[in-house]
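Have a look at the structure below before the remarks.
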Amino acid sequence: MSGSVPTGYRPLTVEEVPDYVRARPELSVLAGDGRLTVREVGDGNLNLVFIVRSDPDVPGLVLKQSLPWVRVFGEGWPLTIERARHEADAYEVHSRFSGTTTPRYHVFDPVRYVIAMEDLADLRVWRGALNDGEIHAEAPATLGTYVARIGFHTSDLGMDPEARKRLLARTVNPELCRITEDLVLTEPLRVHEHNRYDPELEPVVAALRADTPALDGLSVLKHRFMTRAEALIHGDLHTGSVMVGDGRTVAIDPEFAFYGPVGFDLGAIWANGVIATVRAVLLDRPADFQAHVEGIVGTSWAAFLDELGRLWPSRVDTAFTDGMRAAWERAVWDDALGFAGAKAMRRMVGFAHVADVESLARPLRIRASRVVLAVARRLLVERDTITTPGDLATLVRAAIEGTD
Ligand code: SR1
Ligand code: MG
């Protein structure tokens, strides 16, 4: 139903949100008594997000509504509103095992495609916090644990195989997968109208487009993304999909959720960890902050392995041997590195960029992009040589040193 909408659907406006809430007792009680104030705060690429409060200083609730198009592009790029249903389904499934890393999810409106969920406005988006030099020490490990729990509890490790297949069928998300297949796993190495980058980068981007090993590497990853239906992954776990504060780390926006490779979620965190590290080093941020962002890969990976080890004895099928676990961990490591490369590259040359680099003034922005592209190429083509998080950190530092 890309672009088309069912009867009764229309985008909400700030003015009509109070009546929308008061007409629904289960939401009205969450918003509190008194006159409701509403702010539209959606700053992502796709959706409307309203914070609804009766007391401006007390959390109320958040309404998130999908639009039948890509918000940052406009009505010329239709996109199914079903993505809100996929996000609601992912919250419902993930909340069974992810604790406070999933926001409290209240209800989904199947007519207006509105998700009612926890008001997290007292937390902040992790990307912005990192760009401001804030350390939220618990975030990388919390996310590694979260990915492990998804990888266990929604896969054949933690689910009855028939129930898993039924969940897989219910959560097929073709339109949103198509966005990733195009914007992340195809277009950055093609000439495409979606792509944009500073003109100084043209020689390096043109060289990448002619680089057969890089093209091969990206297409291998695209095929893995399309075929490795391991678990109900988040699907877009970059630092803009994470909120932090008061010691809590929350993964939001799982509208890209589908049965895919577990390493894709780790790769999203790692790509953004690499980009944050490049920014921190080029801005000469304090050593403890540099160590924090440089440690995002290693800390999240260690937490992933720890949690998987903790869950392993409770696997539903003991025919999965310890040797199989070791082989799967190696496969996830390889996927995560590869997808990190693809995701880092798309943020430099593709449709959707990141403030980490965009907010840098030239010539630092150009240098940061060159460094990230150099690291991304290594991750696409030569990741066999990267066997530990320390190897990747060394590679990033060397790329910074070797790039003017
Ligand atoms: C057209 S949507 C662009 C990007 O925004 C989302 O956050 C995903 O990363 C998607 O690729
Ligand atoms: Mg998003």
Side-chain angles (χ1 to χ4, degrees), residues 2-3 41-49 62 64-91 94 102-103 105 113 115 117 120 123-128 143 146 173-190 192-197 218 221-222 225-226 233-244 250-258 260 264-273 275 339-358 372 376:
S2 282
V41 297
D43 64 351
N45 293 318
L46 300 176
N47 306 296
L48 297 172
V49 180
V62 158
K64 180 173 175 182
Q65 185 183 36
S66 50
L67 292 165
W69 53 76
V70 172
R71 180 177 181 167
V72 287
F73 191 90
E75 296 187 37
W77 187 342
L79 183 61
T80 177
I81 57 174
E82 289 297 323
R83 61 190 188 268
R85 186 192 303 279
H86 289 293
E87 178 164 340
D89 283 347
Y91 283 143
H94 293 168
T102 291
Y105 154 68
Y113 285 77
I115 299 169
M117 55 187 277
L120 294 164
L123 279 63
R124 66 178 303 200
V125 174
W126 194 24
R127 185 185 304 288
L143 293 171
Y146 167 75
N173 193 357
E175 295 92 343
L176 279 283
C177 283
R178 182 63 181 257
I179 286 190
T180 303
E181 290 154 16
D182 291 346
L183 269 62
V184 181
L185 298 165
T186 305
E187 293 168 10
L189 285 184
R190 302 284 189 286
H192 196 284
E193 63 186 356
H194 285 159
N195 294 341
R196 65 186 174 83
Y197 43 85
L218 190 64
L221 290 161
K222 181 176 182 177
F225 179 84
M226 295 168 110
I233 65 172
H234 177 287
D236 197 26
L237 196 53
H238 56 81
T239 48
S241 295
V242 177
M243 297 192 71
V244 291
V250 186
I252 60 169
D253 284 359
E255 64 202 314
F256 285 77
F258 79 115
F264 190 76
D265 280 349
L266 285 172
I269 301 165
W270 295 2
N272 286 273
I275 293 169
F339 288 124
K343 285 178 154 277
M345 189 171 64
R346 63 83 63 113
R347 295 298 188 189
M348 300 301 110
V349 303
F351 175 75
H353 288 225
V354 286
D356 319 37
V357 171
E358 291 291 286
V372 173

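Counting starts at 1 for both ligands and their atoms, in listed order.
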Could you go step by step and tell me if V357 and I275 meet the side chain to side chain contact (heavy atoms under 4.5 Å, CB included) rule? CA-CA 8 Å; V357 171; I275 293 169; 3.9 Å; yes
Side-chain contact test, heavy atoms from C-beta onward, threshold under 4.5 Å: evaluate it for R196 versus H353 and give yes or no.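 Sidechains of H353 and R196: in contact.
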Note to self: Does any part of the side chain of I269, heavy atoms only, come nearer than 4.5 Å to the side chain of V242, both counted from C-beta?
What the structure shows: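 A side-chain contact under 4.5 Å is absent here.
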In terms of residue, atom name and distance, what is the protein heavy atom nearest to [atom]?
| atom | result |
| --- | --- |
| atom 2 (S) of ligand 1 | L46 CD2, 3.7 Å |
| atom 5 (O) of ligand 1 | N45 ND2, 2.6 Å |
| atom 11 (O) of ligand 1 | R346 NH2, 2.6 Å |
| atom 8 (C) of ligand 1 | D236 OD2, 3.2 Å |

With heavy-atom distances below 4.0 Å as the criterion, list the atoms of ligand 1 near [X].
| X | answer |
| --- | --- |
| R347 | 9 (O) |
| V70 | 1 (C) |
| W77 | 1 (C) |
| H238 | 7 (O) |

Assert yes or no for the condition that the ring centre distance of H238 to W126 is strictly below 6.0 Å.
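Ring centres of W126 and H238 not closer than 6.0 Å.
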Checklist line | F225 ring center within less than 6.0 Å of F258 ring center | finding: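 For F258 and F225, the ring centres are under 6.0 Å apart.
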Can we say R347 and D356 salt-bridge, meaning some charged N sits less than 4.0 Å from an Asp/Glu carboxylate O?
->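 Between D356 and R347 there is no salt bridge, as every charged N stays at least 4.0 Å from the carboxylate O atoms.
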Answer yes or no: is there an ion pair linking E175 with R83, defined by an N-O contact shorter than 4.0 Å?
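No, E175 and R83 are not salt-bridged.
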Counting heavy atoms under 4.0 Å, the part of F73 that contacts ligand 1 is neither
